[in-house]
Amino acid sequence: MAEVASASAAQLLTEARDATDALLERWARRLETEVPAPEGQALAYALRSPGKRVRAALVLAAFRSAGGEGSGAVGVAAAVETVHAYSLVHDDLPCMDDDDMRRGRPTTHRKFGVPVATRAGYLLVPVAAQVLAEAAQDLGLDSAGLGQMAVALFEAGGIEGMVGGQYLDLSAEGRLLELPELMSVHRGKTGALIRAACTLGGIAAGAGPGMMSALTAYGEEIGLAFQIADDVLDATATSVELGKTAGRDAALAKSTYVRVLGIDEARAEAMRHAEQAVAHLDSAGVPAGSLRALADYIVTRSK
Ligand code: GRG
């Protein structure tokens, strides 16, 4: 298969951010007017929160690697970022990681209070479903295509993925996990949604089974690499660089790759997973294109 033209990670992240933010801004305006205050304002605040848009970039890169053309996948990217936005609002709540700063701004509950932030977080889930349904229409997918995307996104966001991983993570606080258990926390809590971003890009492009399994295998490895890199950044970067409180894992006595392996070995492990991710694409003959650049970015990023 021919290699697709590959954008640099920086170009792709900028493109993903501009396109996704524009779509999320339309939803923020709509929700601000349709949902009574203060929940409507809290929803808009969470959707306008300036993330790096890595998951959106993965959707777009996977879409193109699978032969997708045009801008139809932007809605899919926005749906994934909406689920991510919900998870951050809830993750920051006092009953979870209890954090004051996110993306360089006060967390949603610090701005609107815990009850409003909790409700706004839940409300983002059906919003994500609506964003996804509109994206399926833009892509010209039939109801089976929408169903396949919905299963990929909401299974990853649920008990078999993100919620399950977060639950394990919270219940393990103060206890040192062995590597296999830690790996399942990371695969669920963070990896599942990142893997789904890659899978969804493939579904949006109408990819066949070989391409789909390569994209999913890439997503599985890169999701793990992402959270290991996140563990390293939490231990080595500053709060200003991260836009959130650094050193939170140590403060909460969490098991992390840094705690289990040390910083250097954790970094090396993230690199190994990133290489493995790209190897899945190469060995299936899938044009890696920008997915290669994103794999590299994910393990070398500074925030
Ligand atoms: C009901 C138990 C239960 C859970 C609810 C809250 C939740 C579900 C899950 C939390 C999942 C979570 C927040 C995992 C951390 C993922 C992570 C590394 C986030 C940071 O991602 P970046 O660096 O952030 O891409 P930006 O801000 O750039 O988007």
Side-chain angles (χ1 to χ4, degrees), residues 9 12-14 16-17 20-21 24 45-59 77-78 80-99 101-109 114 117-118 120-122 124-125 128 153-173 182 184-197 219 222-235 237 239 241-246 248-249 252 254 256-258 266 270 294 297-303:
L12 199 72
L13 285 162
T14 303
R17 194 186 58 230
T20 309
D21 286 2
L24 293 178
Y45 183 77
L47 286 177
R48 287 185 178 128
S49 177
K52 296 186 292 293
R53 306 304 183 207
V54 174
R55 293 153 191 79
L58 285 167
V59 172
V80 176
E81 288 288 344
T82 304
V83 172
H84 177 51
Y86 130 72
S87 79
L88 298 180
V89 171
H90 278 196
D91 188 52
D92 291 332
L93 288 171
C95 64
M96 296 210 198
D97 278 5
D98 190 11
D99 231 321
M101 290 293 290
R102 172 68 71 178
R103 295 172 169 171
R105 312 183 317 167
T107 48
T108 310
H109 71 275
V114 170
T118 306
Y122 284 129
L124 283 170
V125 180
L153 180 56
F154 295 109
E155 250 181 29
I159 193 69
E160 289 161 44
M162 187 176 77
V163 168
Q166 175 80 345
Y167 178 75
L168 282 177
D169 192 35
L170 292 170
S171 53
E173 272 174 24
L182 182 56
S184 10
V185 170
H186 281 20
R187 275 195 207 286
K189 179 178 83 161
T190 304
L193 193 59
I194 289 183
R195 187 196 64 227
I222 212 64
L224 199 47
F226 188 94
Q227 181 57 53
I228 300 171
D230 195 81
D231 288 356
V232 172
L233 286 170
D234 184 78
S239 300
E241 284 164 329
L242 296 179
K244 61 182 179 182
T245 319
R248 206 70 196 123
D249 294 336
L252 293 171
K254 283 198 190 237
T256 65
Y257 272 68
V258 168
L294 285 174
Y297 160 79
I298 279 169
V299 291
T300 54
R301 66 204 164 96
S302 57
K303 61 179 186 170

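What you see is a predicted model, and the numbers here were worked out from it, not measured in a lab. Each ligand, and each atom within it, is numbered from 1 in the order the structure gives. Just so it is clear, the values below take in all heavy atoms, side chains as well, and ignore hydrogens, waters and symmetry mates.
Set against the non-hydrogen atoms of Gln227, the atoms of ligand 1 under 4.0 Å away are 18 (C). Numbered from 1 in the order shown, with element, the atoms of ligand 1 that lie under 4.0 Å from a heavy atom of Asp230 read 18 (C). Atoms of ligand 1 lying under 4.0 Å from any heavy atom of Tyr86, numbered from 1 in the order shown and given with element: 5 (C), 8 (C). Residue Arg103 approaches ligand 1 through these ligand atoms, each under 4.0 Å from one of its heavy atoms: 26 (P), 27 (O), 29 (O).
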The test is side-chain contact (heavy atoms from CB on, under 4.5 Å); show your working for Thr190 and Val185 and say whether it passes. CA-CA 8 Å; Thr190 304; Val185 170; over 6 Å; no

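Of the protein's heavy atoms, Lys189 CG, 3.4 Å lies nearest to atom 14 (C) of ligand 1.
Ion pairing between a basic and an acidic side chain is recognised when a charged N comes within 4.0 Å of a carboxylate O; Asp230 and Lys244 show such pairing.
At least one heavy atom of Arg55 sits closer than 4.0 Å to an atom of ligand 1.
Around atom 19 (C) of ligand 1, the closest heavy atom drawn from His84, Lys52, Met162 belongs to His84. If you check each of Ser87, Gly164, Ser171 against atom 6 (C) of ligand 1, the one with the closest non-hydrogen atom is Ser87.
Ring geometry for His90 versus Tyr122: interplanar angle over 60°, hence perpendicular rather than tilted (30 to 60°).
Glu241 is linked by a side chain to side chain donor-acceptor pair (under 3.5 Å) to Thr238, counting only residues two or more places apart in sequence or in another chain. In terms of the salt bridge (charged side-chain N to carboxylate O under 4.0 Å, His left out) criterion, residue partners of Asp169 (sequence neighbours excluded) are, by chain and number, Lys189, Lys254.
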